[in-house]
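In what follows, a single structure is set out as structure tokens and then discussed.
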Amino acid sequence: MSYTALYRKWRPPVFDDVKGQDPIVSALRNQINTGRIGHAYLFCGTRGTGKTSVAKIFARAVNCENPVNGNPCNSCPSCLAVNQGNSVNVMEIDAASNNGVDNIREIRDEVRYAPTEGRYKVYIIDEVHMLSTGAFNALLKTLEEPPAHVIFILATTEVHKIPITVLSRCQRYDFRRISADVIAARLGELTAGEGVEIEERALRYISRKADGSLRDSISLLDQCIAFHYGELLTYDKVLNVLGAAGYDLFGGLLEAALDGRTADCIGLIDEIVMQGRELGQLVSDFIWYLRNIMLLKASDLDADTLEVSEEELLELGRMSRKISEDTLLRYIRVFSELSGKIRFASDKRVLLEMAFIKLIRPETELNLDSVLNRLELLEKKLEQGYVLSGTSALPSSFSDSGIHITSHGPQTAGGEGSALLAGQTQETGDERQGNPAAETQEKAISIPSDQMGRYKLLQKNWGKILSALTSRSAKIALQRSEIEPDSTGSGFCIVFLEEKYYAIGARAPYLAGIKAAAQQITGVEAEFRFVLNEDGVRNRYISDEQLQSVFHGVEIEEE
């Protein structure tokens, strides 16, 4: 006897064996039990979720001579005829190859005749969205007023292509993706029935890789069994058969990218290619790996929620502590863009290598998240005591963007070097004379004495407040800002003199951290807002009492 594929051999024979579609099964079973059977059904959903299987079970159940709780008995002559493909009452039609008007006219002519045995004629039209416009129009009248003995079951994976006139004449049932837990449980039953030994970790991986399709998971399992028939199916064997990569490899690639080790990344890619792994699948799996790290950083999720093993969860936790959120989002963006290109590329390896070079060298991109990543890398170098003279040690893009840093290594606390490492710039007298922008105008503004006291306290501890922030990008951008009293109220303004730092640092999520740090360090509780000083006029603040005694001959603006 010829071999039967596992997904056909293990097709559910009754409603009780249908997995992951409980609401739909309950509704159809109740219709059979109560006799409230409709004339047209539309089963829609992604591939491998049970549309055709449920349609065949329903077709047997409506004509079954001995139904049990809505399930077909699968032993009466009617059920046996359907299972053997000999029934004249159940017709399966592939709309992909029978999509013309003439094919539908034949059906329209046949439905006029009552079934020779049983109560209903059932027409299962698979991939119904492939019908032509003329064929849909020919089907409309029959769907609207069919004979009492006819049932249409339309199945499709692309419901948006079905005309609304057809949709309105059918009972619609949306088959949802099946969870990895349900798929894993079904695969466990299958392997036990087939006498196949498989590791739990391998079973879980196949369940995740199927992406909600039970049929795909069974096909993948069938493929793995064929490669290692009679052997224990381990996690590593499954990865080798499916051309996939594990979390160890992903962790190595990510660490090499974060550390700037281009040669190691290229070496790992070469190893992957020599192993014959599919690069498109590698990109998809790596995006999923980064997604899990992102979710783990955003919230305290467990292994079951992330659909990973405990060992993989520990690896994700370790990597989440090494990468910032801004960098992680940029990595996901780069690989999401790659995922759309690599599918149709003639040389996928080159695109993959280019993507990792983009990760390692953010200066090759001009996106805002790339700029933030470059600032983060620069701050790491400064913290490690790199000697930067002018812009010679920086990528050319830093110099082109107008960012100039001068440092002579770490200095003692409070010295010139520490000020530079804190992100402050210094200009000599000659530089100020040659720089018109350095000659700024000043304007004196009087404020209430109590606000003046809080302002002085915040101004004195502004550096400590910024150091308490968790985001490196925020620290670098905000170190180019100043704290000033808010003229519109009792709060304070965070003023930027340059638009490029305002674009990076003026982000709403940073305000909560600044407010909390200010209250903790100075005891001042106030609201803050970001402001861009576009006119270049610098404000000098004095209290009401000092207004007349301190400034003479300076234009004074009272609030």
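Numbers here simply count residues along the sequence, with the first being 1.
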Under a 4.0 Å threshold between the charged nitrogen and the carboxylate oxygen, would [Y] count as salt-bridged to [X]?
X    : Y    : result
D181 : R204 : yes
K121 : E110 : no
D270 : R349 : yes
K341 : E337 : no
K322 : E255 : yes

When rounded to the nearest 0.5 angstrom, what distance separates [atom1] in [X] from [atom2] in [Y]?
X    : Y    : atom1 : atom2 : result
L478 : R507 : CG    : CZ    : 11.0 Å
N89  : R60  : CG    : CZ    : 14.0 Å
L143 : C170 : CG    : SG    : 5.5 Å
L131 : K161 : CG    : NZ    : 12.5 Å
L190 : L6   : CG    : CG    : 5.5 Å
L154 : Q171 : CG    : CD    : 12.0 Å

Quick one, [X] and [Y] - any side-chain contact, counting heavy atoms below 4.5 Å?
X    : Y    : result
V150 : H39  : no
Q281 : K209 : yes
V88  : P115 : no
S53  : V18  : no
I183 : R208 : no
T191 : E197 : no
C265 : I360 : yes
L214 : Y7   : no

When you measure from the side chain of [X] to the backbone N and O of [Y], does any donor-acceptor pair fall under 3.5 Å?
X    : Y    : answer
R29  : N69  : yes
K51  : T46  : yes
N63  : Y120 : yes
N103 : G100 : yes
S320 : G317 : yes
K56  : V82  : no
S26  : P23  : no
N66  : C73  : no
N33  : G70  : yes
D222 : I218 : no

| Between S336 and S339, is a side-chain hydrogen bond (donor to acceptor under 3.5 Å, both in side chains) present by the stated rule, with each step listed? | CA-CA 5 Å; S336 296; S339 179; over 6 Å; no

| said: Between F43 and F175 (judged by ring centroids, cut-off 6.0 Å), do the two rings come close enough to count as a pair? | reply: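 Yes, the ring of F43 comes within the 6.0 Å limit of the ring of F175, centre to centre.
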
| request: Determine, using ring centers only, whether F286 and F356 are less than 6.0 Å apart. | output: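 Between F356 and F286, the centre distance is under 6.0 Å.
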
| request: Report the C-alpha distance between L328 and K297 in whole Å, list the side-chain angles of each, state the deciding distance to 0.1 Å, and finish with yes or no for side chain to side chain contact (heavy atoms under 4.5 Å, CB included). | output: CA-CA 10 Å; L328 184 59; K297 286 182 70 70; 4.0 Å; yes

Which atom pair, heavy atoms only, marks the closest approach of [X] to [Y]?
X    : Y    : answer
T156 : E158 : OG1-N, 3.0 Å
R177 : T49  : CA-CG2, 4.2 Å
A59  : V122 : CB-CG1, 3.8 Å
K9   : T4   : N-CG2, 3.9 Å
C44  : R172 : SG-NE, 3.5 Å
C76  : C64  : SG-SG, 4.0 Å

State, without any angle test, whether [X] and [Y] hold a side-chain donor-acceptor pair at a distance under 3.5 Å.
X    : Y    : value
Y229 : E231 : no
W10  : E189 : no
R47  : T157 : no

| field | Partner of Y331 by side chain to side chain contact (heavy atoms under 4.5 Å, CB included), out of I293, L258, I287 | value |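 Among I293, L258, I287, the one that satisfies the side chain to side chain contact (heavy atoms under 4.5 Å, CB included) with Y331 is L258.
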
| said: For L221, run the side chain to side chain contact (heavy atoms under 4.5 Å, CB included) check against V196, V238, L233, D216 and tell me which one passes. | reply: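 Checked V196, V238, L233, D216 against L221; only one passes side chain to side chain contact (heavy atoms under 4.5 Å, CB included): L233.
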
Counting only heavy atoms not in [X], do more than 12 sit closer than 6.0 Å to its [atom1] atom?
X    : atom1 : result
M91  : CE    : yes
E199 : CD    : yes
E194 : CD    : yes

| query | Cation-pi between R201 and Y235: NZ/CZ under 6.0 Å from ring centre and within 45° of the ring axis? | reply |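 Yes.
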
| Under the ring pair (Phe, Tyr, Trp, His ring centres under 6.0 Å) rule, what pairs show up with a residue in residues 69-88, not counting sequence neighbours? |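 Residue pairs passing ring pair (Phe, Tyr, Trp, His ring centres under 6.0 Å), neighbours aside: none found.
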
| query | Which of parallel (below 30°), tilted (30 to 60°) and perpendicular (above 60°) describes F250 and Y289? | reply |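 F250 and Y289: tilted rings.
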
| Checking side chain to side chain contact (heavy atoms under 4.5 Å, CB included) for the pair L469/Y510: CA distance, chi angles, key distance, verdict? | CA-CA 8 Å; L469 300 179; Y510 297 157; 5.6 Å; no

| task | List the steps and the verdict of side chain to side chain contact (heavy atoms under 4.5 Å, CB included) for L42 and F152. | result | CA-CA 8 Å; L42 177 63; F152 285 97; over 6 Å; no

| Under the side chain to side chain contact (heavy atoms under 4.5 Å, CB included) criterion, do L80 and S75 qualify, and how do the steps go? | CA-CA 6 Å; L80 292 175; S75 58; 5.5 Å; no

| task | Can you sort out the partners of D259 under salt bridge (charged side-chain N to carboxylate O under 4.0 Å, His left out), two or more places apart, ordered by chain and number? | result |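 So D259 forms a salt bridge (charged side-chain N to carboxylate O under 4.0 Å, His left out) with R261.
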
